[in-house]
Amino acid sequence: MTISIRAFALGSLVTIGFSSLAAAEAQEPVTLRFLASQGSLSPHELAYELGYFDGLGIKLENVGYAGGGPASLFALASGSVDIGSAATAAVINSIAGGNDFVAAFPTNGINEQVKSIFYVLEDSPIRTIEDIAGKTIAVNTLGAHLDYAIREALHSKGLPENAANLVVVPGPQLEQTLRSNQVDISAVGYWQATFNGQLVANGGVRAVFDDTDVLGEIAGGFAVLRRDFVEKNPDAARRFVEQSARAADWSSEHPDEARALLARILTERGENGDLAKHWTGFGLRKGAKATERDLDFWIGVLEREGSLPQGKYKASDLLFRPDAKSAASN
């Protein structure tokens with residue numbers, strides 16, 4: 001299927017009031033730099049590809065790849081990018097470490113369709129969460145979602161949270177690393193559905209557990225903005241969130257078209273576009289809405305671990321809440 005980006009752009013413009021459009025066009029466009037994730041895309045990347053930012057004074061610029069959420073947040077803190085994207089626990093830790101960030105919107109949700117899965121080879125003796133203690137687990141990065149999901153899984157069974165040995169393996173190498181017995185377990189993140197699909201299709205593996213078993217349904221991570229950017233560019237920040245949420249909704253309503261668009265994007269990046277057929281979507285609530293539990297759950301975990309002082313942080317202080325009505329609903 002061939003996707004015409006500008007055909008979608010025309011449809012997006014008719015939903016925007018002419019007075020708002022004229023005001024946006026009169027302003028100097030705001031350029032938002034971001035780092036992509038191998039094998040996937042974010043709602044704001046999709047919004048850009050669909051033309052949803054056209055005429056709204058917003059431009060997106062891909063400046064490379066992030067090895068994981070912590071690297072993305074480091075780039076945001078240093079001013080190398082304007083949009084960060086990371087697991088919720090990593091976002092909270094970064095804010096607690098002194099970065100004045102706001103969680104703009106969830107980039108992915110964790111549910112029965114979109115989740116992180118911990119795989120072993122079929123003949124592995126590892127069959128339960130208890131069995132992962134002392135084993136080596138491949139994750140995309142340390143200090144992010146998979147790291148914290150493993151800690152929480154171990155804690156749920158009364159085991160030390162550092163009982164497993166985590167090693168960093170890039171997403172495209174997760175399957176090879178597992179099949180060559182370099183690790184006992186490969187953890188495939190909720191955002192890595194393309195790699196997950198290929199791993200399962202090639203056979204010979206089985207799942208031990210997934211993060212919904214431990215966390216339930218919850219936001220996986222957030223797009224993050226600097227608070228000074230939001231204060232300086234309130235309209236751009238609001239439109240960025242609104243149109244990103246609109247794109248996420250579009251992908252849920254048009255999954256085949258979304259996968260076709262992802263295939264083209266991956267191919268243009270020099271990645272394997274064929275993997276897009278395994279993409280399962282963003283797993284977000286309608287409108288990419290966040291709940292306070294999305295952050296409060298992890299605040300509680302980090303308080304329990306001693307990483308955060310008791311009672312200092314709450315979700316309502318960390319979430320960006322645009323006041324204006326979404327253009328997507330007009």
Side-chain angles (χ1 to χ4, degrees), residues 1-5 8 34-52 60 62 65-69 72 85-87 105-119 139-140 144-146 149 169-175 186-203 205 207 210-212 217-223 243-288:
M1 172 179 286
T2 300
I3 300 295
S4 173
I5 298 173
F8 291 116
F34 70 94
L35 294 168
S37 177
Q38 286 184 310
S40 188
L41 83 169
S42 62
H44 49 271
E45 290 175 82
L46 181 59
Y48 173 78
E49 293 292 344
L50 293 174
Y52 286 0
L60 258 60
N62 183 342
Y65 286 104
S72 174
S85 183
F105 65 89
T107 52
N108 289 85
I110 296 170
N111 55 38
E112 282 306 309
Q113 288 72 49
V114 181
K115 54 190 174 184
S116 307
I117 305 178
F118 297 78
Y119 287 104
V139 298
N140 71 305
H145 179 78
L146 296 172
V169 176
Q173 280 78 57
L174 285 171
E175 179 173 5
S186 272
V188 186
Y190 56 79
W191 64 96
Q192 296 174 314
T194 52
F195 302 136
N196 181 84
Q198 183 180 47
L199 177 67
V200 172
N202 289 336
V205 299
D210 63 67
D211 49 8
T212 64
E217 294 196 3
I218 194 170
F222 281 81
Q243 299 306 321
S244 298
R246 181 182 171 202
D249 287 347
W250 177 87
S251 71
S252 296
E253 296 161 3
H254 305 87
D256 292 337
E257 292 94 329
R259 279 188 283 270
L261 186 51
L262 174 59
R264 181 184 63 73
I265 292 168
L266 293 179
T267 300
E268 290 177 353
R269 289 181 187 169
E271 300 181 55
N272 183 359
D274 187 55
L275 294 180
K277 64 187 177 186
H278 300 302
W279 190 62
T280 53
F282 296 115
L284 293 169
R285 308 175 188 98
K286 187 171 180 58

Any chance you could measure [X], atom [atom1], to [Y], atom [atom2], to the nearest 0.5 Å?
X    : Y    : atom1 : atom2 : value
E217 : K115 : CD    : NZ    : 10.0 Å
N108 : S42  : CG    : OG    : 9.0 Å
D210 : Y119 : CG    : OH    : 9.0 Å
F34  : Y65  : CZ    : OH    : 10.0 Å
R269 : Q38  : CZ    : CD    : 9.0 Å
E175 : N202 : CD    : CG    : 4.5 Å

Any donor-acceptor pair under 3.5 Å from Y190 side chain to G220 backbone: yes
Sidechain-backbone polar pair: S251 side chain, A258 backbone, donor-acceptor under 3.5 Å: no
Which atom names give the shortest non-hydrogen contact between [X] and [Y], and what distance separates them?
X    : Y    : answer
W279 : S40  : NE1-OG, 4.0 Å
A149 : F118 : CB-CZ, 4.4 Å
A187 : V139 : CB-CG1, 4.1 Å
H145 : I110 : CE1-CD1, 3.3 Å
T194 : H278 : O-CD2, 3.7 Å

Check ion pair R246-D249 (N to O, under 4.0 angstrom): no
Mutual orientation of the aromatic rings belonging to W250 and H254 [parallel < 30°, tilted 30-60°, perpendicular > 60°]: parallel
L199 and L174, any side-chain heavy atoms less than 4.5 Å apart: no
Minimum side-chain heavy-atom gap F282-V114 below 4.5 Å: no
